Asks: 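Quick one: structure below, then a few questions.
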Amino acid sequence: MRHFITTADLTRESALGLFRLAADLKQGWKAGKRTVPLAARTLALIFEKPSLRTRVTFEVGIVQLGGRAVYLQGSEIGLGTRESVPDVARNLSRWVDGIAARVHAHATVETMARVATIPVINALSDFEHPCQALADFFTLWERGVDFTRTTVAWIGDGNNVCHSVILLGAMLGAKVRVACPPGFEPDPAVQAEVSRLGPSLLVTEDPREAATGADVLYTDVWISMGQEAERERRLEAFGRYQVNETIVGFARPNALVMHCLPAHRGEEVTDAVLDGPQSIVLDQAENRLHAQKAVILQLLGGGADDA
Ligand code: CP
Ligand code: NVA
C-alpha cells in the first residue's frame, strides 16, 4: 500500500495485518512502551472541513510515534484556489513525509495521491472515509467478532462512511444490509463492488427488514458536512430511519450499535441507544488513534518492523 485513499487500497490480508499492528501499538502504548519509530518524521494535515476525532487522532498518533503534525486549513492554504491541488501536493512532497487530507471532493485526494511523491491518506472525502472503516472493523476484530458469521446493517444515508463500511465489511466476509430512503442509496458502483467482494448485499427501504437478526447496526448523520442546505428535505426523507430502541429490538440480542460520530442526537440515533449498553461508539473513536497509527507507521515507516 502506497497511499490510503479508499478501502480498495486494502486487501483482506492487509487489513488484518493492520489490525494486528494496531493491536500491538495499542497494547504497547497502554503498557508504557514509548518507542519513536517515526522520530523527526512529519505529517501534513489538510482539512477543508471541521473535525474532532480525525484531527486529534492523526496529531496525537504521529506524536506518539515520535513525529510531528503540521495542521493546514484548506482555506488558509487556498487548496485549489490560491494554488492548484497538484502544486500543493508537489510542494508538500519536498518538505514532509506524508499527507492526510480531509476534502470535499474525492477527486482532490485522488489527484494528490497521483502527483505526490509521499504517501497520501484520505481523512474523509465526499465518497469514502477509509480510516473510519478501518478503525471500526479493528474494533470488532479486537472483540473477537468472526466477520464471516456477521451481518452488518447500515441504517440511514448511503454516504461516505457507508461506502467505506460496507466495502470493508464485504471484503472481510460480512453480510451487508443497507436501509435507506429512495434516492439516498449507496453509489451503484459501490453496491456492485460490495456484491462482488462479499457474501451478500441487501438494499432495502425498510429499516426493520435490514435490522432483523443483524449483529451490528451502524448509522451516521443524515446531513453530512457540506449538505446543510438540504437539511429540511433530508429530515423529512430520513424520519423513519432513526436507530432507536424499537429498531435495536429487531436486531440480535446484544447486537452492537456503531456510529462514526459526531452524532446528531434525536435525529439518526436516540440518547438511549447511543449511551446504552450495546453502543460501542467510544471504542470506535478510541480506535481511530490506534488504527491510524498503524496506517501512518506502515506508510511512513515501512511497516511492522518499525513498531
Ligand atoms: N468520525 C470522524 O471522522 O469524526 P470527525 O469528523 O470529528 O473527525
Ligand atoms: N458522513 C459524515 C461523517 C462525519 C465523520 C460527514 O461526511 O459529515
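Quick caveat, the model's predicted, so the values are computed rather than measured. One-based numbering, in listed order, for ligands and for the atoms of each.
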Asks: Pair Phe238, Phe184 - check ring pair (Phe, Tyr, Trp, His ring centres under 6.0 Å), show working.
Replies: CA-CA 9 Å; Phe238 285 104; Phe184 295 94; 4.8 Å; yes

Asks: At a heavy-atom distance under 4.0 Å, which protein residues reach ligand 2? Sort them by chain and number, would you?
Replies: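 Protein residues near ligand 2 are Leu124, Asn159, Asn160, Val161, Asp220, Val221, Ser224, Met225, Leu261.
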
Asks: Write down, by chain and number, every protein residue that brings a non-hydrogen atom to less than 4.0 Å from an atom of ligand 1.
Replies: Ser51, Leu52, Arg53, Thr54, Arg102, His129, Gln132, Cys260, Leu261, Arg288

Asks: List the steps and the verdict of ring pair (Phe, Tyr, Trp, His ring centres under 6.0 Å) for Phe47 and Tyr71.
Replies: CA-CA 8 Å; Phe47 279 74; Tyr71 177 75; 5.7 Å; yes

Asks: For Met1 versus Leu299, what's the shortest heavy-atom pair and its separation?
Replies: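 Taking every non-hydrogen atom into account, O-CD2, 3.2 Å.
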
Asks: Short question: side chain of Asp87, backbone of Glu83 - any donor-acceptor pair under 3.5 Å?
Replies: no

Asks: Could you tell me whether the side chains of Glu142 and Asn287 share a donor-acceptor contact shorter than 3.5 Å?
Replies: yes

Asks: Any chain of hydrophobic side-chain contacts (each under 4.5 Å) joining Ile296 to Val120?
Replies: no

Asks: Kindly indicate, with the supporting measurements, whether the criterion ring pair (Phe, Tyr, Trp, His ring centres under 6.0 Å) is fulfilled by Tyr218 and His259.
Replies: CA-CA 6 Å; Tyr218 201 130; His259 192 309; 7.3 Å; no

Asks: Leu274, Ile247: one ILVMFWY side-chain cluster at the under-4.5 Å cut-off?
Replies: yes

Asks: Looking only at side chains, do Thr219 and Glu268 share a donor and an acceptor under 3.5 Å apart?
Replies: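 Looking only at side-chain atoms, Glu268 and Thr219 do not form any donor-acceptor pair under 3.5 Å.
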
